[in-house]
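Okay, so here's the structure we're looking at.
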Amino acid sequence: LKSLFVSTVSHDLKTPLTSIKIIAELMQQKKDLPAAWLKEYAELIEGETDRLTRLINNVLNFSKIERGIKDYNFSTIYLNDIVRNTLRIMKYQLKSQNVTVKMSLLENEEPVQGDADALTEVIINLISNAVKYSLERREIHIATWIEKGEAALSVQDFGIGIPAEKIESIFEPYYRVKSERAERVSGIGLGLSIVKHILDAHHCRIAVKSVVGEGSTFTLYFPLESNEEHSTP
Ligand SMILES: Nc1ncnc2c1ncn2[C@@H]1O[C@H](COP(=O)(O)OP(=O)(O)O)[C@@H](O)[C@H]1O
Ligand SMILES: [Mg+2]
């Protein structure tokens, strides 16, 4: 497992590094590059650097979780803000992967108690997976709503889907569903185990609905403060 981990991480680190190097070479070879090209190169470098950062954050987070030293800073937050911030961070990746995001965010939503950075990592992981496991229909739907005293947030894709009997396992560290398609996209299988840990710390449930070949929906249910007050005598 360890050697597989090292080789996959190294591979995942190498891809963005290779892109950055190619761009740097292009910039040196060609004199007097048009401003529009320079802008595009700069965007590429920024996007690839973001990708590296996300990868390293996941590994660091996982290592903190494993050593039991991951801590959380809770404050009053709005899920819509987390979604918007995450999309800003992932703008480049979504653009380069030709993915459109459709949002239906609840207006006047109620706040929840959460660690904004940790929840951003959660949404980044869910959206990254949605992108990675999408097929021809390159679309992601994100919604927030309130249901039975809980604040809900869903991330839906129209990709390869997950076989029902595998859904439980995908939250285990290093677990990846074996399929021809999944083997072509790289990954270490840590994302969802981190997601699960962070959500547990938030007393947040996660539900997965998926149909093979049609797509998957990951839904998070956060306890609402207003509801907790009602339920405590
Ligand atoms: N949106 C999705 N569509 C299809 N399969 C998914 C999706 N999200 C996760 N999976 C499956 O769950 C596995 C574990 O996900 P994750 O922990 O994020 O690891 P990784 O993305 O590095 O493979 C993936 O390898 C994939 O098989
Ligand atoms: Mg992942």
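Counting begins at 1 with the first residue of the sequence. Ligands are counted one by one from 1 in listed order, and the atoms in each one are counted from 1 as well.
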message: So which atom in Ile167 and which in Ser210 form the shortest heavy-atom distance, rounded to 0.1 Å?
response: CD1-CB, 4.2 Å

- prompt: With a 4.0 Å cut-off, would you call Arg54 and Asp50 a salt bridge?
  reply: no

Where's the contact between [X] and ligand 1, heavy-atom distance under 4.0 Å: side chain, backbone, both or neither?
| X | result |
| --- | --- |
| Lys132 | side chain |
| Asn125 | neither |
| Val195 | neither |

- request: Using distance alone, determine whether Phe218 and ligand 1 share an N or O pair under 3.5 Å.
  value: no

- request: Return the option from Ile162, Val212, Val155 holding the heavy atom at the smallest distance from atom 5 (N) of ligand 1.
  value: Ile162

statement: Closest heavy-atom approach to atom 6 (C) of ligand 1 among Phe171, Phe62, Tyr175, Tyr133 is made by Tyr133

To which protein heavy atom is [atom] closest, and what is the distance rounded to 0.1 Å?
| atom | value |
| --- | --- |
| atom 18 (O) of ligand 1 | Asn129 ND2, 2.9 Å |
| atom 27 (O) of ligand 1 | Val177 N, 3.0 Å |
| atom 15 (O) of ligand 1 | Leu192 CD1, 3.6 Å |
| atom 12 (O) of ligand 1 | Ile170 CG2, 3.3 Å |
| atom 23 (O) of ligand 1 | Arg176 NE, 2.5 Å |
| atom 19 (O) of ligand 1 | Gly189 CA, 3.0 Å |
| atom 1 (N) of ligand 1 | Asp157 OD2, 2.8 Å |

message: Quick check on side-chain contact (heavy atoms from CB on, under 4.5 Å): which of Val9, Asn58, Val6 does Ile188 satisfy it with?
response: Val9

query: Which protein N, O or S atoms does the Mg ion (ligand 2) have within a distance shorter than 2.8 Å?
result: Asn129 OD1

field: Donor-acceptor contact below 3.5 Å, side chain Thr53 vs main chain Thr49
entry: yes

field: Phe74 and His202 aromatic centres sub-6.0 Å
entry: yes

- prompt: Under a heavy-atom criterion of less than 4.0 Å, does Gly159 contact ligand 1?
  reply: no

